[in-house]
S.K.: 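Once you've had a glance at the structure underneath, I'll fire off some questions.
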There are 2 protein chains.
Amino acid sequence: MAHIPEQQSVRRDADSASDLARAGARQSPAPVPTSADVARLAGVSRATVSYVLNNATSVRISEPTRRRVREAADELGYVPHAAARSLRAGHSRMVLMPAPSMPVGALYRHFFNELQWALRRLDYTVVQFGSLGTSGDEAARAWAELRPVAVLAPGDGTLTPRGVQVLKRSGAKAVVTLGPQRVEGAHALLMDQRTVGRCAAAHLLDRGRGGIGVVVPREPGFETFSVPRLAGVRAAAEPAGARVVPLELGYNEQSAAQLAARWRESGLDAVFAYNDEYAMLLLRALQDAGVDVPGETAVMGADDLLLGRLLRPRLSTVRMELPSGQRLAELVDRAVRDPSGDPEVHRLLGAEAVPRDST
Amino acid sequence: MAHIPEQQSVRRDADSASDLARAGARQSPAPVPTSADVARLAGVSRATVSYVLNNATSVRISEPTRRRVREAADELGYVPHAAARSLRAGHSRMVLMPAPSMPVGALYRHFFNELQWALRRLDYTVVQFGSLGTSGDEAARAWAELRPVAVLAPGDGTLTPRGVQVLKRSGAKAVVTLGPQRVEGAHALLMDQRTVGRCAAAHLLDRGRGGIGVVVPREPGFETFSVPRLAGVRAAAEPAGARVVPLELGYNEQSAAQLAARWRESGLDAVFAYNDEYAMLLLRALQDAGVDVPGETAVMGADDLLLGRLLRPRLSTVRMELPSGQRLAELVDRAVRDPSGDPEVHRLLGAEAVPRDST
DNA sequence: TTGAAAGCGATACCAA
DNA sequence: TTGGTATCGCTTTCAA
């Protein structure tokens, strides 16, 4: 024991080199190296380690010392402890994006990825937090425990004003909802799905249709989109004297066949089928039932999927647009820097009818 | 000032009720309440607060005290600080699931969600960490900073053995890859995409085809799947004397039309089109070019999408199966509890040909 | 140029 | 039954 400096604690006595050697063998789980271990191995103080590894500009450290520290860190496989760091700092750069609880389209996924990427470029750590299972305020509490600097929550009604309060009190500088609804106290990136319905209805009216069916997926989780889309169709069509009828449809051939079999009695001459997938399903079923599309009935989807163009007749659709993730990332950044600003509301979703051969 | 106990620091002087009141006004950002604040308001020690809020069983706290503490916590909107807690505890229950860097199918998404849900039931905190942009060992370091108890990484080659070492040294009890490749030192949930190719090839050979084209998507990011699928076709077809030809295809009508235009000169009589979407695209293009399917050429997809059944002829496909997320969650849990266990390798992906009318 | 020490928030041991 | 206090890993001010 004579060679071991007195101040070292028993646990730290074991010299780091042999710790490292033992890491391969699965015996005792090698203790996770801390900055103190690095300091010891490099023969400097913890402060110096911190200075070197963080490239502190306020202090000048000699080049040989820097090298010794870097080598020691490398040898030990030292990785700083994010929690300890942000605890000390009093803040983090974590942006929490609770993952959407419903299946989302490619457009949204793309936007989501872009946003994530842009935030990372602004030096935020983006973390997706699966919120499935927990609900509402409970979820907000769980998020708040992580002390994110900003929260990008789905604007689908999960988050309540109370939830926003909880998050803000826990130190979140910005709470932003992303979806069809807005929430008191939070910024909103509003993707108003009614626009999609309105757009589809306008096109169908334009084609002279007077009885519009609106497909409402039977699968759970789609209400956040399907309800406002239906409302949008109503808002645009009913004032113009058209009839609007919601139609339940399950995503399977049988359900589509049933709907198609009753089609003629419904007296409808058009259908907005929620999205391209349901539209393709229904279009095929109608054709199989002998209903002429677009002669007897117009069929319209949404999402502008490539696959819709492969059908005959080619599927008319609603193309949606989202702004670049970059812009939204900047909004988040602004909100973080100036938490006192009033909640901003941005309408994001652009929609445009793409007439093809099915209407 | 007379009414304020001497021991309170200046910052804490402001009484909590008025802090709360000020939270609505956006003046000074109300300080985030800590357990000390709760203790002060309830007139107890921080220790007691901790006991009450964590339902500690080793200590008995009187009911009135419990109530006072709970009310104080409620009034302040207190939420515990996860980082501080896990720092003290020396471990967390965080499972990191770096989000897949490529677009994935519905099957995988479903599996992913199920796994996430099952882990949460086992009391883990599941966090998805977007790894886009950072690469390889750099990413592993970023993950390690969060000190997750387990990491579920995409098994697509991003993670290196070095990365695994970094994670383990940072205290991760289990590192599990999820994808086509395995990595030294980590458990593997192997989804060997060659199986899919083999399965498709077997079916096509069965149908008497001797020249098999294999679509390789031109879009970036698909290599991790397309390369092993091609290899699988080769492995199954070439020993049987069939010819295998890779075919680049972009996901657009033009690219498909080009490929179809050159079809007859290729002399192929079958194509495995990567997945149903590419298959549908190509099938339509072949038909438009006057190629008879399945007479002249068989077309096969993968994923068993509903939409594939809507085409005429109905698309033959490869249906894939993944085990329940529950089982995998249990595997992760086992690995966490017994970090010394040897890396397990599980083959996950089941594949089965679904013959329909296009082959 | 480097080191000592305080402190971030929560917990658990030991006393009282 | 409750309170004081050391501790987790890291950063940063102040002194040397």
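Both backbone and side-chain heavy atoms feed into the values below; hydrogens, waters and symmetry mates do not.
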S.K.: Are more than 12 heavy atoms, taken from residues, nucleotides or ligands other than Arg327(A), located less than 6.0 Å from that residue's CZ atom?
M.R.: no

S.K.: Indicate, with a heavy-atom threshold strictly under 4.0 Å, whether Thr65(A) touches base, sugar-phosphate, or nothing.
M.R.: sugar-phosphate

S.K.: State, to the nearest 10°, the angle formed by the axis through the first five base pairs of the helix from dT1(C)-dA16(D) to dA16(C)-dT1(D) and the axis through its last five.
M.R.: 50°

S.K.: Is the closest basic N to carboxylate O distance between Arg141(A) and Asp137(A) below 4.0 Å?
M.R.: no

S.K.: Any side-chain N or O of Thr48(B) less than 4.0 Å from the OP1 or OP2 oxygen of dG3(D)?
M.R.: yes

S.K.: Starting at the 5' end of DNA chain C, which residue's closest nucleotide do you reach first, Pro80(B) or Val59(B)?
M.R.: Pro80(B)

S.K.: Taking the nucleotide of DNA chain D with the closest heavy atom to each, which residue, Arg46(B) or Ser62(B), is nearer the 5' end?
M.R.: Ser62(B)

S.K.: Would you say Ser35(A) reaches dT11(D)'s phosphate, i.e. side-chain N/O to OP1/OP2 under 4.0 Å?
M.R.: no

S.K.: dG9(D), dG3(D), dT11(D): which one has an atom nearest the side-chain heavy atoms of Thr34(A)?
M.R.: dG9(D)

S.K.: Between the main-chain N or O of Gly163(B) and the side-chain N or O of Thr160(B), is there a donor-acceptor pair closer than 3.5 Å?
M.R.: yes

S.K.: Return the value, rounded to whole Å, for the distance between atom CG of Leu53(A) and atom P of dT2(C).
M.R.: 14 Å

S.K.: Check whether any side-chain nitrogen or oxygen of Asn54(B) sits under 4.0 Å from OP1 or OP2 of dA10(C), and answer yes or no.
M.R.: no

S.K.: So which protein nitrogen or oxygen atoms get under 3.5 Å of nucleotides 13-16 of chain D's nitrogens or oxygens?
M.R.:
unit_1	atom_1	unit_2	atom_2	d
dT13(D)	O4	Tyr51(A)	OH	3.0

S.K.: Can Leu159(B) and Leu167(B) be said to form a side-chain contact (heavy atoms from CB on, under 4.5 Å), step by step?
M.R.: CA-CA 10 Å; Leu159(B) 188 64; Leu167(B) 287 168; 4.2 Å; yes

S.K.: With rounding to the nearest 0.5 angstrom, report the CD to CG distance, Glu344(A) to Asp342(A).
M.R.: 9.0 Å

S.K.: Answer yes or no: is there a donor N or O on one side and an acceptor on the other, between the side chain of Asn54(A) and the main chain of Ala56(A), under 3.5 Å?
M.R.: no

S.K.: Whole Å only: how far is the CD atom of Glu63(A) from the P atom of dT1(C)?
M.R.: 11 Å

S.K.: Distance check needed: dG7(C) C1' versus His81(B) NE2, whole Å only.
M.R.: 13 Å

S.K.: From C-beta outward on Leu87(A), which listed nucleotide comes closest to its side chain: dC10(D), dG9(C), dT2(D)?
M.R.: dG9(C)

S.K.: Considering only NZ, NE, NH1 and NH2 on the basic side and carboxylate oxygens on the acidic side, decide whether Arg67(B) and Glu71(B) come within less than 4.0 Å.
M.R.: yes

S.K.: By side-chain hydrogen bond (donor to acceptor under 3.5 Å, both in side chains), which residues pair with Glu330(B), not counting sequence neighbours?
M.R.: Gln326(B)

S.K.: Within this structure, what is the CG-to-C1' distance between Leu146(B) and dG9(D), rounded to whole angstrom?
M.R.: 15 Å

S.K.: Give the rounded distance in Å between these two atoms: CZ of Arg68(A) and C1' of dT2(C).
M.R.: 11 Å

S.K.: Figure out the CD/C1' separation between Glu145(A) and dA10(C), and round it to whole Å.
M.R.: 12 Å

S.K.: Around atom CD of Glu184(B), are there more than 12 heavy atoms from other residues, nucleotides or ligands closer than 6.0 Å?
M.R.: no

S.K.: Side chain of Arg60(A) only, please: which of dT11(C), dT2(D), dT1(C) is the nearest?
M.R.: dT1(C)

S.K.: Give the rounded distance in Å between these two atoms: CZ of Arg88(B) and P of dG9(D).
M.R.: 10 Å

S.K.: So for atom CZ, which belongs to Arg162(B), do other residues, nucleotides or ligands contribute more than 12 heavy atoms lying within a distance under 6.0 Å?
M.R.: no

S.K.: Specify the separation, in whole Å, of atom CZ of Arg40(A) and atom P of dC10(D).
M.R.: 12 Å

